[in-house]
Amino acid sequence: MDVSNILNDLNEVQREAVSAPDRSLLVLAGAGSGKTRVLVHRISWLTTVENVSPYSILAVTFTNKASAEMRQRVEKMQSQSMAGIWVGTFHGLAHRLLRSHWQQAGLVQSFQILDSDDQLRLVKRVILALELDDTQWQPKQVRGFINACKDEGDRPQHIADNGDPVRRQLVRIYSAYEAACKRAGVIDFAEMLLRSLELLRDNKDLLAHYQQRFRHILVDEFQDTNAIQYAWVRLLVGKDNNIFVVGDDDQAIYGWRGARVENLQKFRKDFPQTRIIKLEQNYRSTATILSAANAVIGNNGDRLGKRLWTAGSDGQPITYYQAYNEFDEARFIIDKIKQWVSDGELRADVAILYRSNAQSRVFEQTLNAEQIPYRIYGGLRYFDRAEIKDCIAYLRLMNNVLDDTAFERIVNVPARGIGGRTLEIVRERAKTAEITMWQAAEQLIKEKALTARAANALQSFLDLMAEMQAACIDVELHEKVEHVIHQSGLIEHHEKDKSEKSEQRIENMEELVGAAKNFTVAEDEAQDMDKITAFLTYAVLESGEGQAQEWEDCVQMMTLHSAKGLEFKQVYICGVEEGLFPHQRSIEDASRLEEERRLCYVGITRAREQLTITNAEHRQLYGRDTYPRASRFISEIPAELVADVRLRTQVSEPQYVSDDLCENETGGFQIGQRVMHPKFGEGMVLNFEGSGAHARLEVNFEFEGTKWLVISYANLSIL
DNA sequence: GCGACATTGTTTTTT
DNA sequence: ACAATGTCGC
């Protein structure tokens with residue numbers, strides 16, 4: 001057996017991980033330490049050296065992108081066929097189990113998946129159907145509650161309200177939502193995971209079957225697993241199987257959506273014989289960048305403990321620039337990028353990272369003005385576009401007329417005279433008779449319980465759906481789509497309004513025909529689904545790339561979160577200010593603050609050659625002026641690693657600063673100055689008004705917001 | 001049923 | 001500030 005190509009290009013520690021005989025292995029893989037490589041080589045090792053059949057391997061990731069990459073790299077490395085191996089996302093795999101065993105899972109065969117937008121609409125309808133006020137019971141919050149329950153594995157009947165009326169009501173809505181999902185034959189994302197966990201847990205024979213099959217389970221990004229995903233893995237591993245998990249507690253940045261870093265610790269406890277291997281050698285960044293990353297993350301407590309190192313050189317110091325405001329910040333960064341490009345480097349090697357999406361605007365404007373091509377990650381994805389979702393809703397309703405979410409979405413799109421009043425009556429009937437909208441519509445028409453006009457409009461909609469169903473029997477998938485976009489009137493609907501947007505929308509819809517034409521069902525899934533179901537699932541589960549523009553050498557812009565897993569020669573982290581990064585909403589809470597710090601660590605470790613950090617002294621946020629302080633993260637980077645660039649570019653701070661006025665009339669207070677108030681604490685002078693005894697100052701206090709104070713009364717001291 | 005105004009929220013994102 | 005909803009009047 002030629003083992004050399006599996007172990008050759010690995011370092012000592014990686015080799016140890018790849019070839020470990022242990023049943024339970026935890027690989028703590030620091031940023032840029034070759035974690036995917038270890039996973040891929042491990043799979044190769046299992047199949048070629050240990051003669052494990054690919055059929056008994058299960059490899060789980062979080063994103064479709066990661067699983068596609070893993071599959072690709074495994075196949076590339078492998079001489080033998082990898083047929084039979086399960087590589088996929090938690091949701092993808094859970095979905096597969098549910099399709100195969102829909103009956104045991106208590107589902108209908110044609111069940112469909114609600115994305116979070118569909119889910120929100122449904123939650124809202126349920127709230128209204130219970131005759132609750134949707135301003136008091138905000139759909140988004142209720143959805144959050146439901147998802148949080150499901151992420152913890154709690155069904156409505158399990159939740160104790162402890163006499164709390166709010167909680168009781170929430171559980172009631174949760175319960176009604178579940179009933180609505182059941183009637184419509186749909187499940188949401190969290191339900192997929194929970195339902196598949198329950199499926200395995202409650203069907204011993206099924207569990208035994210899969211436990212026997214998946215002798216080797218590998219999990220990527222383990223720090224991102226939630227309670228259900230952890231339980232799912234644990235259940236499948238059982239007593240006898242082999243488990244290999246890779247994760248990095250320092251890169252756990254998704255706590256806010258249910259991920260539990262503690263699962264790494266829990267794993268150690270639940271599998272006491274676990275061997276822990278730390279990958280600490282970094283192949284990505286310069287020593288300077290790694291020192292900064294280590295220093296910053298060192299401020300977090302409760303780490304499993306890792307220290308990145310490199311055999312490479314120090315490289316350039318970290319650049320730090322404190323800008324006057326966000327425009328100056330953008331100007332500075334873009335000047336540097338221009339320099340970089342004129343040195344013959346690629347724009348695609350440059351990334352601008354920010355904490356929140358709103359920050360991209362100034363950069364976009366400046367880049368546009370400079371005619372520098374850029375690409376923003378994380379925009380609206382193809383299958384998330386409204387016009388595409390409309391088409392999909394038609395397809396879904398044709399597939400299953402009971403699908404209320406689909407029904408509600410398109411019953412009057414394009415407008416066909418079915419107004420709010422009519423729908424209200426239909427909803428009312430659906431609610432009281434505990435049936436779906438479709439069934440309610442049929443009943444009401446039959447009973448002549450509607451005005452002639454409403455009944456006609458509704459009937460013609462039902463007829464239209466029936467016609468479309470008839471036209472689509474035994475027809476290729478792409479022809480179905482073709483039928484839908486034309487027969488439904490969606491194309492005409494958009495043709496009527498002659499804006500550029502609607503042209504784009506029509507193009508998008510026509511693209512859907514192409515997407516359907518190219519769509520193929522994976523071999524091993526074909527037995528569980530017909531093609532249309534597979535396509536509809538694909539549309540929800542893999543909604544495509546955001547902003548997939550034609551490839552060009554572009555500057556990359558994205559949030560720090562979406563930068564995870566990527567790397568760039570040149571990285572700019574901007575807006576590194578208290579209140580923005582760390583975000584205001586995370587500042588108060590120690591554990592959320594630590595998550596922000598990990599996010600900072602993630603950002604720093606994206607850089608291969610050079611890292612630049614900027615902040616602004618003045619920034620407009622939500623239409624208000626703010627004067628944030630530099631982020632604590634900046635001071636956590638050792639000063640000797642940083643070159644502080646204080647040369648300002650031309651933009652100067654607002655014209656209203658006329659120094660002489662400030663000096664003379666404000667008793668020594670200057671705009672921009674930090675002051676201390678005995679009651680309100682620290683703040684910054686924003687503005688002034690009047691003179692003498694009546695002179696007033698506007699001060700932005702850290703915790704109290706902006707206030708106008710009369711100087712002669714307010715006991716302000718200059719800091 | 002559609003267009004004009006008001007109201008509202010505004011971290012991060014995948015599935 | 002601003003975009004994205006929701007409400008109201010025709």
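What you are looking at is a predicted structure, and each value in this text was computed from that prediction instead of being measured. Residue numbering restarts at 1 for every chain, and letters A, B, ... go by the order of the sequence lines.
Counted within 6.0 Å of CZ on A:R303, heavy atoms from surrounding residues, nucleotides or ligands total more than 12; the atom is thus considered enclosed. In A:Q365, the CD atom is crowded: over 12 heavy atoms of neighbouring residues, nucleotides or ligands sit closer than 6.0 Å. The 12-atom threshold is exceeded at CD of A:Q620, counting heavy atoms of other residues, nucleotides or ligands nearer than 6.0 Å.
Proximity note for A:A415 (side chain, C-beta onward) versus B:dT15, C:dC2, B:dG1: the nearest is B:dG1. Distance from the side chain of A:H561 is smallest to B:dT13 among B:dT15, C:dC2, B:dT13.
Applying the salt bridge (Lys or Arg N to Asp or Glu O under 4.0 Å) rule to pairs touching residues 416-428 of chain A yields A:E408-A:R427, A:R421-A:E424, sequence neighbours excluded.
Across all their heavy atoms, A:I113 and A:D118 have their closest contact at O-OD2, 4.4 Å. Between A:D249 and A:R598 the shortest heavy-atom distance is O-CD, 3.1 Å.
Within the 4.0 Å cut-off from OP1 or OP2 of B:dT8, not a single side-chain nitrogen or oxygen of A:Q138 is found. At B:dT15, one or more side-chain N or O atoms of A:N64 fall inside 4.0 Å of OP1 or OP2 (strictly under the cut-off). Distances shown here put every side-chain N or O of A:R421 at or beyond 4.0 Å from the OP1 or OP2 atom of B:dG1. Distances shown here put every side-chain N or O of A:R257 at or beyond 4.0 Å from the OP1 or OP2 atom of B:dT15. At least one side-chain nitrogen or oxygen of A:S562 sits closer than 4.0 Å to the OP1 or OP2 atom of B:dT13. For the OP1/OP2 pair of B:dT15 and a distance below 4.0 Å, the side-chain nitrogens and oxygens of A:N147 include no atom meeting the criterion. Under 4.0 angstrom from either OP1 or OP2 of B:dT13 there lies at least one side-chain N or O belonging to A:T559.
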Check: residues 599-607 of chain A side-chain donor-acceptor pairs under 3.5 Å, at least two apart:
residue, atom, partner, partner atom, Å
A:T605, OG1, A:Y601, O, 2.8
A:T605, OG1, A:V602, O, 3.0
A:R606, NE, A:V602, O, 2.7
A:R606, NH1, A:L566, O, 2.9
A:R606, NH2, A:Q251, OE1, 3.4

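When the C1' atom is compared between C:dC2 and B:dT13, the two are found 22 Å apart, to the nearest whole Å.
For B:dT12, the base is not stacked against the aromatic ring of A:Y254, per a cut-off of 5.5 Å between centres and 30° between planes.
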What nitrogen or oxygen pairs link the protein and nucleotides 6-10 of chain C at under 3.5 Å?
residue, atom, partner, partner atom, Å
C:dG6, OP1, A:K124, NZ, 2.6

Enumerate all atom pairs, one protein N or O and one N or O from nucleotides 5-7 of chain B, separated by less than 3.5 Å.
none

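Under the side chain to side chain contact (heavy atoms under 4.5 Å, CB included) criterion, A:E69 pairs with A:T36, A:R73, not counting sequence neighbours. For A:F62, the ring-ring contact (aromatic ring centres under 6.0 Å, His included) partners two or more places apart in sequence, or in a different chain, are A:F90.
Between the side chain of A:S586 and the base of B:dT12, no donor-acceptor pair of N or O atoms lies under 3.5 Å.
Backbone-only engagement by A:N357 is indicated by non-hydrogen atom pairs under 4.0 Å involving sugar-phosphate atoms exclusively.
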